[in-house]
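Keep in mind that the numbers below use all heavy atoms, side chains included, and drop hydrogens, waters and symmetry copies. Reminder, nothing fancy here: chain letters follow the sequence lines and each chain counts from 1.
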2 protein chains.
Amino acid sequence: MRKKENIETIYTAALKIFAKFGYQKATVEDIAKTMNMTKGNLYLYVKNKKALYRETVSWALQKWQFRVATAVDRETDVKRRFEVMCFKAVEYLSQDDHLRRVLIHDPEIFPMFPEKDPFEEINQNSVLMIKTILEQGIEEKAFRKVNTERVSEIIFLIYKMFIIRTYIKRETEFMQQVFAETVELVTHGLFMESPLMGVEKTGT
Amino acid sequence: MRKKENIETIYTAALKIFAKFGYQKATVEDIAKTMNMTKGNLYLYVKNKKALYRETVSWALQKWQFRVATAVDRETDVKRRFEVMCFKAVEYLSQDDHLRRVLIHDPEIFPMFPEKDPFEEINQNSVLMIKTILEQGIEEKAFRKVNTERVSEIIFLIYKMFIIRTYIKRETEFMQQVFAETVELVTHGLFMESPLMGVEKTGT
DNA sequence: AAATGAACAATATTTTTATTTGTTCATTTA
DNA sequence: TAAATGAACAAATAAAAATATTGTTCATTT
């Protein structure tokens, strides 16, 4: 087995076992056996169990993020981009059963209210993606002039909320409806008002 | 000590001790001592520790809810009512230090994603309050025609999210800003569009 | 009628013992 | 000779036993 070359094989096997048992109950022997190797051999490729866990989860999260980014990039209309980003993120997770189960075992990976976010860098990238779409939308006068710094954080929060609910409860169809309604609410707003609102901070 | 008459004295003392130590570490003796009575005597007024906890928390939650309802009732304009409801709920909690600390000790009281909500009845009342405001807003043509059933749930979810963040992290001033921005986002929406959108489901 | 405090069962905490599992490395394999 | 093995052992977990605390009752006192 060549290093680098097949590190993804290891992550795939590790993710499967961590999904099945969670970090604590999964043994490195379980993971090695999945690939028909001994645990001693596995140690030629990974530093230790904790590092393997971190790298595996990180790899899975980034794959997720990449999928969303790719779907968003296929769109040109900024409103579509925003919607695709929202839906794709939720949709992907409901399909990646292993990552979903790992998240159930260890909610600290993607915490609703992080004290110290273990994958802060990855999540900041997600916020950045939202922010970029917001900026594009405002530039193109498709979106109201909001504080992109704060609003991207808020949207990420709401999005997180749905992600967590989606993987905790398997009521996918129902959640899809509620999520759609939420995107509708956030994009169109609750109040009725003049169409010029928010274009410019025009004094009352 | 007359029954009924001073049951609130007991709840007040209990809330104080539960806030300080949490359910587990708080002893019924601690609570009795706070009122200069013995634990044996306290048992004349409460069934057991668990029931005392439940009743105390329930009492505190309802006081909170009542305060918000009262503030909302003082307003006539439906948009103001909506905003007051949002802000008052967060503001109240940041002031009730005992309830806040009890919630920190026991996040199951007000869970972000309840499996089985222990105070479901109280929370359903909150959702109902939101729903009622939504219906009034739509009736008065101040709000877009949304599905009040679902949207009230969604708003309660978002509101919960802020409540929990508010009591976990003491960054009140910052949260106040972000919360205001969120209310702005939910009320006015992100997209720019025709003012008639949502008035009636007019075919594309 | 309201409150006490001793009694005791039920829970929780700490300590001890036993078991499993993470990690290393001299030796073997292909 | 790079890759893999499996025995060895330390570190971490789990199970069991011993100890201490606290929830609850109730006959007696205020």
Side-chain angles (χ1 to χ4, degrees), chain A residues 1-60 98 101-102 104-109 118, chain B residues 1-60 98 101-102 104-109 118:
Chain A
M1 190 188 202
R2 301 267 152 266
K3 289 206 173 190
K4 305 272 161 160
E5 191 179 332
N6 276 336
I7 188 71
E8 294 215 341
T9 312
I10 293 176
Y11 291 155
T12 304
L15 193 70
K16 185 180 169 185
I17 298 304
F18 286 132
K20 199 167 179 186
F21 303 114
Y23 177 78
Q24 200 82 269
K25 291 285 180 184
T27 71
V28 309
E29 196 156 23
D30 288 335
I31 295 166
K33 265 185 193 154
T34 307
M35 295 175 285
N36 299 311
M37 57 164 77
T38 60
K39 55 178 177 173
N41 188 30
L42 183 51
Y43 270 89
L44 294 175
Y45 303 97
V46 302
K47 195 175 149 242
N48 56 37
K49 189 186 179 187
K50 209 170 208 167
L52 173 58
Y53 184 67
R54 231 202 109 76
E55 283 162 30
T56 301
V57 172
S58 183
W59 168 78
H98 289 166
R101 295 232 283 269
V102 168
I104 291 171
H105 278 294
D106 181 4
E108 290 308 295
I109 292 171
Chain B
M1 191 189 201
R2 299 269 153 265
K3 290 209 172 189
K4 306 273 161 160
E5 191 179 331
N6 276 335
I7 190 70
E8 294 216 341
T9 313
I10 294 177
Y11 292 155
T12 304
L15 194 70
K16 185 179 169 184
I17 298 303
F18 286 132
K20 199 167 179 187
F21 303 113
Y23 177 78
Q24 199 82 268
K25 291 283 180 187
T27 70
V28 309
E29 195 156 24
D30 288 335
I31 295 165
K33 265 185 192 152
T34 306
M35 295 176 285
N36 298 310
M37 56 166 75
T38 60
K39 54 180 178 170
N41 188 30
L42 182 51
Y43 270 87
L44 295 176
Y45 302 98
V46 301
K47 192 175 153 245
N48 55 37
K49 190 187 179 187
K50 209 169 206 170
L52 173 58
Y53 184 66
R54 232 201 109 76
E55 284 162 30
T56 301
V57 172
S58 184
W59 168 77
H98 288 165
R101 294 233 283 271
V102 168
I104 291 171
H105 278 295
D106 182 3
E108 291 307 297
I109 291 171

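- Comparing D:dT24, D:dA3, D:dT5 against the side chain of A:Met37 picks out D:dT5 as the nearest.
- Here C:dT20 presents its P atom at 15 Å from NZ of A:Lys49, a figure rounded to the nearest Å.
- Between the P atom of C:dT28 and the CG atom of A:Leu44 lies a distance of 17 Å, rounded to the nearest Å.
- Each of D:dA4, C:dA12, C:dA3 was ranked by its minimum atom distance to the side chain of A:Tyr45; first place goes to D:dA4.
- At a threshold of 4.0 angstrom between heavy atoms, the contacts of A:Ala32 with the nucleic acid are absent.
- Figure legend. D:dT29 is base-paired to C:dA2; pairs are counted as Watson-Crick or G-U wobble with both atom distances under 3.5 Å.
- Of the listed nucleotides (C:dG22, D:dT25, C:dT4), D:dT25 has the atom at the smallest distance from the side chain of B:Tyr43.
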Stepwise side-chain contact (heavy atoms from CB on, under 4.5 Å) test for A:Thr12 and A:Trp59: CA-CA 9 Å; A:Thr12 304; A:Trp59 168 78; 3.6 Å; yes

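- Distance from the side chain of A:Thr27 is smallest for C:dT21 among the nucleotides C:dA3, D:dT24, C:dT21.
- Here the straight-line distance linking atom NE2 of B:His98 with atom NZ of B:Lys16 works out to 6.5 Å at 0.5 Å rounding.
- A:Met35 has its CE atom 15 Å from the P atom of D:dA3, to the nearest Å.
- Here the straight-line distance linking atom CZ of B:Arg101 with atom CG of B:Asp106 works out to 15.0 Å at 0.5 Å rounding.
- Set against D:dA4, D:dT5, D:dT24, the side chain of B:Val28 has D:dT24 as its closest nucleotide.
- The CG atom of A:Asp30 sits 13 Å away from the C1' atom of C:dG22 (whole-angstrom rounding).
- On a pure distance criterion of 3.5 Å, a polar donor-acceptor pair joins the side chain of B:Lys39 and the base of D:dT24.
- The nearest whole Å value for the distance from the CD1 atom in A:Ile10 to the P atom in D:dA3 is 12 Å.
- Taking the ring axis of A:Tyr23 as reference, the NZ or CZ atom of A:Lys49 stays within 45° of it and closer than 6.0 Å to the ring centre.
- C:dA18 is paired with D:dT13 under the criterion used here, namely a Watson-Crick or G-U wobble arrangement in which both key atom distances are under 3.5 Å.
- Side-chain atoms of B:Asp30 come within 3.5 Å of backbone N or O of B:Thr27 as a donor-acceptor pair.
- Both A:Leu42 and A:Lys25 sit near DNA chain D, but only A:Leu42 has its closest nucleotide nearer the 5' end.
- In this structure, B:Tyr53 places its OH atom 14 Å from P of D:dG23, rounding to the nearest Å.
- Heavy-atom nearest nucleotides on DNA chain D were determined for A:Gln24 and for B:Lys50, and the one closer to the 5' end corresponds to A:Gln24.
- Regarding A:Asn41, its CG atom lies at a distance of 15 Å from the C1' atom of C:dA26, rounded to whole Å.
- Here A:Ala51 lies out of heavy-atom contact (under 4.0 Å) with every strand.
- Straight-line distance from the CG atom of A:Asn36 to the C1' atom of C:dA30: 17 Å, rounded to whole Å.
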